J.: 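Could you have a look at this structure, given as structure tokens, before my questions?
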Amino acid sequence: MRKKLEQYGWNDFFEAQFQSYNSIEFIPARVSVEHRKYYEVYTSQGELTVSKSGKLFHNITDYPAVGDWLAVKIIPGEDKAIIEAILPRKTKFSRKKAGTTTEEQIVAANVDIVFLVSSLNQDLNLRRIERYLTLAWDNGVMPVIVLNKTDLCDDVEQAIAEVDGIAFSTPIHAVSALNNDHIDELLIYFEGNKTIAVIGSSGVGKSTIINDICSDDTMNVSDIGLYKDKGRHTTTHRELTLVPGGGLIIDTPGMREIQLWEGAEGLSEQFDDIEQLSLECKFTDCKHDDEPGCAINEALNTGVITQERLKSYKKLLNEVKYFERKQDIRAKLTEKKKWKKISVEAKKIGKEKY
Ligand code: GDP
Ligand code: ZN
């Protein structure tokens with residue numbers, strides 16, 4: 001029974017969360033679309049609907065979002081179920097509700113990877129890409145940069161190089177969704193039934209990319225047809241869609257409109273290059289003074305970073321608040337290193353095909 005759930009993204013993490021509901025009474029269900037009064041969910045018993053009125057939640061954050069895993073009780077003889085609980089989320093994308101500072105609204109849950117889409121037919125906005133990267137990292141989601149519309153760009157290599165300069169080894173893929181060019185490089189990220197969201201400004205080609213990914217030749221999933229026929233987002237299609245070759249795409253209006261923010265995060269992101277270098281230091285607690293095997297000192301000697309910059313970095317480092325933040329960045333960078341390997345592999349696959 002669990003095997004069937006895996007295609008919807010079920011894994012050991014959720015299995016562990018489900019333990020307290022593990023009885024014949026409850027089954028796991030994943031929210032595929034939210035309607036005004038009910039949710040549609042994927043379960044091992046097929047697709048069901050779950051009423052919103054069944055359970056009382058205190059505030060909007062407590063309600064399930066697309067991508068959430070629930071414990072539900074099936075109503076015998078009906079295609080309906082009653083919600084018992086939302087399983088703890090692995091990740092979430094949220095936004096502040098307009099007009100409030102504290103109330104957040106979850107726009108998508110349990111996203112593993114996010115494609116950050118930009119278009120190459122206009123000036124590349126590197127600051128915007130940086131903010132998208134921060135948004136992804138702050139939500140604990142692995143980013144992949146997708147540069148679309150290569151067919152309209154004279155110097156793709158140059159564009160990639162520019163983006164690479166701010167990406168800190170985030171994978172970058174240049175594609176043309178219109179021509180289905182290099183789109184298959186993106187398919188590797190869906191392996192292991194990963195859930196992927198696609199964000200970027202309006203018009204950069206998000207729908208076209210999703211169409212390409214979902215209209216694979218092996219297509220045999222009924223709900224993919226909606227994307228193929230209509231080509232565009234409609235309110236009736238699923239917001240969590242199975243990809244023919246495995247994995248899922250989350251595409252909700254809330255996710256598309258997610259706001260970018262600047263501020264405190266931007267400040268520490270500014271020293272990512274030093275953080276990145278310090279991962280190479282011999283000692284994990286290196287103070288970058290004159291310890292042996294210090295990568296920062298070497299970078300100073302070779303002129304990769306300036307004394308000035310290191311000084312301001314150290315100043316920040318002394319602040320406890322920043323130190324906590326640093327732990328966070330370090331964890332993210334380690335994660336990114338792992339992904340770098342996967343992206344190299346993805347590029348290899350792309351090259352073999354052409
Ligand atoms: P979205 O708003 O991000 O979902 O963008 P769409 O997928 O709706 O695409 C916006 C426009 O860009 C449409 O007219 C697409 O046909 C066009 N488009 C998408 N991808 C490409 C591409 O790779 N090359 C070109 N030339 N146009 C594209
Ligand atoms: Zn060091």
Side-chain angles (χ1 to χ4, degrees), residues 108 114-122 124-125 128-129 132 144-156 159-160 172-186 196-215 226-235 237 239 241 249-258 260 271-302 304-307 309-311 313-314 316-318 323 326 329-330 333 350 354:
V114 61
F115 289 165
L116 311 178
V117 186
S118 294
S119 165
L120 288 173
N121 68 330
Q122 56 219 31
L124 265 177
N125 189 335
R128 176 182 287 273
I129 296 176
Y132 275 128
V144 171
I145 296 171
V146 179
L147 304 176
N148 188 32
K149 310 197 187 181
T150 50
D151 56 299
L152 300 178
C153 178
D154 294 332
D155 197 345
V156 175
I160 293 174
I172 302 170
H173 295 274
V175 305
S176 170
L178 192 69
N179 304 325
N180 215 321
D181 199 17
H182 289 262
I183 290 290
D184 56 350
E185 287 174 23
L186 301 177
I196 297 186
V198 183
I199 60 179
S201 311
S202 178
V204 294
K206 295 182 295 296
S207 305
T208 316
I209 290 169
I210 292 170
N211 270 323
D212 286 352
I213 289 170
C214 291
S215 58
L226 283 163
Y227 265 118
K228 226 189 171 181
D229 296 338
K230 301 210 176 91
R232 281 202 65 101
H233 196 86
T234 73
T235 49
H237 81 75
E239 297 177 328
T241 313
I249 280 194
I250 278 195
D251 184 25
T252 70
M255 200 61 208
R256 288 190 159 226
E257 290 152 19
I258 197 156
L260 291 169
F271 289 102
D272 248 13
D273 55 343
I274 295 181
E275 286 289 335
Q276 176 93 358
L277 277 169
S278 69
L279 289 177
E280 312 289 327
C281 290
K282 191 170 166 197
F283 302 107
T284 43
D285 59 347
C286 186
K287 302 276 186 301
H288 323 305
D289 292 325
D290 39 31
E291 290 93 337
C294 172
I296 302 275
N297 275 324
E298 201 189 311
L300 267 179
N301 290 336
T302 54
V304 173
I305 55 169
T306 64
Q307 193 74 52
R309 193 163 162 71
L310 182 61
K311 222 172 115 186
Y313 169 72
K314 281 186 175 173
L316 268 179
L317 202 63
N318 285 334
F323 192 74
K326 180 173 168 275
I329 291 176
R330 189 177 292 273
L333 285 171
Y354 296 100

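As the structure lists them, so they are numbered: ligands from 1, and atoms in each ligand from 1. All values below were derived from every heavy atom in this structure, side-chain atoms included, with hydrogens, water molecules and symmetry-related copies excluded. Values in this document were obtained by computation on a predicted structure and should not be read as measured data.
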J.: Closest to the Zn ion (ligand 2), which N/O/S atom of His288 is it?
T.: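 Minimum-distance N/O/S atom of His288 relative to the Zn ion (ligand 2) is ND1.
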J.: Asn179 to ligand 1: N or O pair under 3.5 Å?
T.: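 Between Asn179 and ligand 1 (N or O atoms, distance only) the closest approach is not under 3.5 Å.
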J.: If you measure every N or O of Val175 against every N or O of ligand 1, does any of those distances drop under 3.5 Å?
T.: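 N/O-N/O distance under 3.5 Å: no.
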J.: Please determine whether any non-hydrogen atom of Gly200 lies less than 4.0 Å from an atom of ligand 1.
T.: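 So Gly200 does not count as touching ligand 1.
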J.: Under the 3.5 angstrom rule, does the side chain of Lys206 hit a backbone N or O of Ser201 as a donor-acceptor pair?
T.: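 Present.
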J.: So which of Val146, Ile250, Ile210 actually passes side chain to side chain contact (heavy atoms under 4.5 Å, CB included) with Val198?
T.: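 Result for side chain to side chain contact (heavy atoms under 4.5 Å, CB included) with Val198: Ile210.
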J.: Please tell me if the side chains of Ile213 and Ile183 come closer than 4.5 Å, counting only heavy atoms from C-beta onward.
T.: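 When only atoms from C-beta onward are counted, Ile183 and Ile213 do touch, with a gap below 4.5 Å.
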J.: Using heavy-atom distances only, which candidate in Thr150, Thr208, Val198, Asn211 approaches atom 19 (C) of ligand 1 most closely?
T.: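 The residue whose heavy atom sits nearest atom 19 (C) of ligand 1 is Thr208.
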J.: I would like to know whether Cys281 and His288 meet side chain to side chain contact (heavy atoms under 4.5 Å, CB included); could you show each step before the answer?
T.: CA-CA 8 Å; Cys281 290; His288 323 305; 3.6 Å; yes
J.: For ligand 1, which atoms sit closer than 4.0 Å to a heavy atom of Leu152?
T.: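 Those qualifying, in numeric order: 26 (N).
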J.: Counting only heavy atoms closer than 4.0 Å, does ligand 1 sit against the backbone of Leu178, its side chain, both, or neither?
T.: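 Under 4.0 Å from ligand 1, Leu178 contributes backbone and side-chain atoms.
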J.: Can you spot which of Asn148, Leu120, Ile160, Asn121 makes a side chain to side chain contact (heavy atoms under 4.5 Å, CB included) with Cys153?
T.: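 So the option named by the test is Leu120.
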J.: Does the Glu291 side chain pair with the main chain of Lys287, one donor and one acceptor, at a distance under 3.5 Å?
T.: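 Present.
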J.: If you stand at the Zn ion (ligand 2) and look out to SG of Cys294 and SG of Cys286, what angle do those two lines make, to 10°?
T.: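 Here the angle at the metal atom is close to 110°, to 10°.
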